[in-house]
There are 2 protein chains.
Amino acid sequence: MGRPPSVKPTSFDIAYLAGVSQPTVSRALRGSKSVSAATRANIERIARELNYMVDKNASSLRSQRTHTLALLFFEDPTPDESMINPFFLSMLGSITRECALRGYDLLISFQQMHNDWHVAYQDSHRSDGIILLGYGDYQLYLSKLEHLVEMGTNFVRWGSVSSEGIGLTVGSDNVGAGEQAGAHLVEIGRRAIAFLGDASDHAPEFQDRYTGLCRALRAADIVPDAALQRDAISSEASGYAAAQSLLAGRKRFDAIFAASDLIAIGAMRALSEAGLKLPQDVAIIGFDDIPAAGLTSPTLTTVMQDMKGAGTLLVDALLASIDGRPVEQRMLPARLIRRQSTAV
Amino acid sequence: MGRPPSVKPTSFDIAYLAGVSQPTVSRALRGSKSVSAATRANIERIARELNYMVDKNASSLRSQRTHTLALLFFEDPTPDESMINPFFLSMLGSITRECALRGYDLLISFQQMHNDWHVAYQDSHRSDGIILLGYGDYQLYLSKLEHLVEMGTNFVRWGSVSSEGIGLTVGSDNVGAGEQAGAHLVEIGRRAIAFLGDASDHAPEFQDRYTGLCRALRAADIVPDAALQRDAISSEASGYAAAQSLLAGRKRFDAIFAASDLIAIGAMRALSEAGLKLPQDVAIIGFDDIPAAGLTSPTLTTVMQDMKGAGTLLVDALLASIDGRPVEQRMLPARLIRRQSTAV
DNA sequence: GGCCATAGGGTATACGTATACGCATAATAT
DNA sequence: ATATTATGCGTATACGTATACCCTATGGCC
C-alpha cells in the first residue's frame, strides 16, 4: 500500500502516512461523501503538512477535465504588432479574477484574424472552453465560429447580442446605449448628429449603436440622415479620416456620435485642426470609456460598459455551457459618462 | 497492436493506421532521429488527416514538462479592483507572442501583493516557470522571492537590474534613462529639476531613475537638491499630491522628472490648476510612454521602454533558466520621446 | 436471529504519452 | 567470413490521479 514520502509528494505518500489507500485520499480531497469525517480531516492535515498539491496533469488526464479556460483575442492585423485593444484588456482583470474564484486557470493567446481556425481548435484541447474576444470584420470571423460549433467546442464570445449570432454571446446593450447617447445629444439641443463607425453587418456592435442612435433621433422627430454616417474601424487614424470626410461633405452637423473612443479621439483631432470649437461647434460622444477619454481636451463624454460584469458573465455562461446547464444570451446595461465634450 | 480509430484520435490510432507501434508515432512526431524518413512522413501525413493533436496532459504527465509558463501580476491592492497597470499590460502582447513562438502556453494570474506566496507556488506546479511582473513595495515582495528561490522554482522578474536582487531579473536601463531625461531638461535650460517618485529602496526602479537624474545634473555642475524630491507611487492621484506638496514648498523649480507617466499626468493637473504654464513655467518628463501620454495637453515628453524586447528577453531568460543554460541579467535600452511638455 | 441496506474504503484499472531497454537487420570493419 | 556497430523499431512500463466495482462490518428491521 505504499512507499515512504518522496520529493514531490503524491497521493500515495499521503495514503501511506494516513494508513489508507490512494483512492481514499483522492476521494477525501475531492469531497466525496463516502469518506468518514475523521479520515478526511486526517488526510487534509497531512496534505497540508506535506504541502501536497494535486498534480494537474494526472488529474486532467484521468478525468478529462482540465479546469482551464482559454482566452482568445482575435484581432485584425494592425501595423503596430504589439498593440492590443485597450478596451478588451480592461476585461482581462475581471475574467482572471472570476476564473480564479471558480478554481479555473486561464490560458491566454492572441490571434490575427486571418489565421487558421486551427489555433482555436488547438486551444480547445488544452482547456474546457474558450472565451473569444474579437473585433474586426465579423464576416471573416463567422467561418471560424462555425468550425467551433461543428466540433462541439464550448465557447462564449463578446459581441452583439441583439443580432442573431452563432454560438453563445454576451455583450452590452448597444442599442440602448446608442439611444442614450442620441437622447443626450438631442437634450443639449443638437439635431444634425453624425455617426462615425461601420454601420453594416460586418460590425454588428457598431450597427447596433447606430440603430440606437436612429431610434433616439426618431423619438425626437428627427429623420436620420445617411449622409451623416461614415464608416470607421476602431482606431484613431480611422476616426481622423472619417471626420475629415465628414468635414469635406456638404452636410453641416453639430454633433458626432463615434462608435468607439479611439474613433472619437481621432475625430476630435480632425475637428480641432479644422478650427472648430468643441463642444460649442460640435459636441461629441465616444464609446468604451478608455482611460484616455478622461485625459483629452475637452474630456470626452462616452459610454461606459460594465467590464466587471462582463468578465463575470462570460465566465459564468461558459461554465454553464460546459456543465451542460441551460444558458441564455445575456445583455449588460451601459452607462453614459458626461464630460466636457457635451457640456454646453 | 491496435484498435481502429476512435472519436478523439490518439497516438495508438495513428500507429494502427501506419502499421507501427505507438512509441514509434511518439518518436516520429517529436522528431527523434531514430525513425526513418519514410516512416515519419507517413505518420505525419496520417496525423494531419486525422487532425491529431498530442494530448497535453498525458504528455506533460509523462515527461514532467508542461510547456507552459505562468505570468503572475503582483500588485498593491488598489481601490479600483479591476484596474491593471497599463504599462505591464503592454508587455502582455509581446510575452504572449514570444511564448507562442516557442511553443509554450501562457497561464495568467493576478495577485494582490499581500496574498500568500502560496499562489506562486501553486502556479509553479502548473507550469515550467513563472514570469513575475510586479510593482509596489519591493521590500514586501522580497520574502516571496526568497520562497521561490528556496523551492528551486524557475522564475524571472521585471525590475531593477542595477541593484543587486534576488533571482533572475530583466529590466530597462533605468539609470541611463534617468540620465537621458535629466540631460534633456538641462539642455533646454532648466536647472531646478524636481523628481517625483519614491527614491528609497522600496522602489528600486524609481531609485535608479533618480540616480540617473542626479548623474546628469552633476555632469552639468548642478548639485541635486533633496528638497526637490517627493515620494510618489505610480498613480495619478499620487502624482497630483506630490506636485501640490512641491508647490507648497518654498523651493522654486522649473522642471519635473516624474518616475512614471501616471505621476506626471497627476502633476500636470496640479500645476495647471495652480495657474502654471506648461512647459514655459515648468517642463515635465514622464516615464513609460503609456498611450495617454500622447493625448494630454501639452503632450507629454516621456521615456519609452522597449516592451517588445522586454517580452522576448523575459521569456528567453526564463526558458534558458529552465533548460539549465547559463543566463545573465540583461538590461534594455530606453529611449526619450520628445513631445510638447519639454518643447520650449 | 436472519436479512438487507448502508457506510466506509480497498482493488483494479484507465487516461495517453514518453522513454529505457532489447532485438533484429543491415552496414561496415578486419 | 566473422566481429562490430549503427539503424529502426517493438516491448514494457511509468507518470499520478479518478472512478467503477467489490467487499466487509455494522445497524435496523421484522
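Just so it is clear: chains get the letters A, B, ... in the order the sequence lines come, proteins before strands, and each one is counted from 1. Everything numeric here is computed off the predicted structure, so don't read it as measured data.
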(Q) Let's see if you can work this out: which of dT19(C), dG16(C), dT17(D) has an atom nearest to the side-chain heavy atoms of Arg27(B)? (A) dT19(C)

Q.
Return whichever of Thr24(B) or Ser26(A) has its heavy-atom-nearest nucleotide of DNA chain D closer to the 5' end.
A. Thr24(B)

Q | Nearest-angstrom distance from the residue atom CG of Asn42(A) to C1' of dG9(C) | A | 14 Å

Q. What's the CG-C1' distance between Leu50(A) and dG16(D), to the nearest Å?
A. 15 Å

Q: Verify, without hydrogens or angle tests, whether Ser94(A) (side chain) and Met307(A) (backbone) share a donor-acceptor contact under 3.5 angstrom.
A: yes

Considering only distance and modelled atom types, tabulate donor-acceptor pairs under 3.5 Å from the side chains of residues 29-38 of chain B, sequence neighbours left out.
{"residue": "Ser32(B)", "atom": "OG", "partner": "Ser34(B)", "partner atom": "N", "Å": "3.1"}
{"residue": "Ser32(B)", "atom": "OG", "partner": "Ser34(B)", "partner atom": "OG", "Å": "3.2"}
{"residue": "Ser36(B)", "atom": "OG", "partner": "Thr39(B)", "partner atom": "N", "Å": "3.2"}
{"residue": "Ser36(B)", "atom": "OG", "partner": "Thr39(B)", "partner atom": "OG1", "Å": "2.7"}

Q. Can you tell me how far P of dG16(C) sits from OH of Tyr16(B), to the nearest Å?
A. 18 Å

Q | Thr68(B) side chain reached by Tyr104(B) side chain, heavy atoms, under 4.5 Å | A | no

Q.
What's the separation between atom CD1 in Ile131(B) and atom CG in Leu107(B), rounded to the nearest 0.5 Å?
A. 11.5 Å

Q) Of the nucleotides dT17(D), dC9(D), dG10(C), which one has an atom closest to the side chain of Val20(A)? A) dG10(C)

Q.
Taking the side chain as everything from C-beta on, heavy atoms only, tell me whether Leu101(A) gets closer than 4.5 Å to Val315(A).
A. no

Q | Any donor-acceptor N/O pair, Asp128(B) side chain to His67(B) backbone, under 3.5 Å | A | yes

Q. NA contact type, Arg30(A), heavy-atom cut-off 4.0 Å: base, sugar-phosphate, or nothing?
A. sugar-phosphate

Q. dG9(C) phosphate, OP1 or OP2: any side-chain N/O from Ser36(A) under 4.0 angstrom?
A. yes

(Q) If you compare every side-chain N and O of Tyr52(A) against the phosphate oxygens of dT17(D) (OP1, OP2), does one of them come in below 4.0 Å? (A) yes

**Q.** Distance in angstrom units between Arg40(B) CZ and dG8(D) P, rounded
**A.** 10 Å

Q. What's the NE2-P distance between His125(B) and dC15(D), to the nearest Å?
A. 16 Å

Q.
From CZ of Phe12(B) over to C1' of dC15(C), roughly how many Å is that when rounded to an integer?
A. 11 Å

(Q) Can you tell me which nucleotide in dT17(C), dA18(D), dT11(C) comes closest to the side chain of Ser21(A)? (A) dT11(C)

Q) Given atom NZ of Lys33(B) and atom C1' of dT7(D), what is their separation to the nearest angstrom? A) 11 Å

Q: Could you check which of dA18(C), dC21(C), dG16(C) has an atom nearest any side-chain atom of Gln22(B)?
A: dA18(C)

**Q.** Charged N-O contact under 4.0 Å between Asp316(B) and Arg325(B)
**A.** no

Q.
Please determine whether a side-chain nitrogen or oxygen atom of Ser11(A) lies at a distance below 4.0 Å from atom OP1 or OP2 of dT17(D).
A. yes

(Q) With the threshold set at under 4.0 Å for non-hydrogen atoms, list the residues of residues 55-69 of chain A touching DNA chain C in residue-number order. (A) Leu61(A), Arg62(A), Gln64(A)

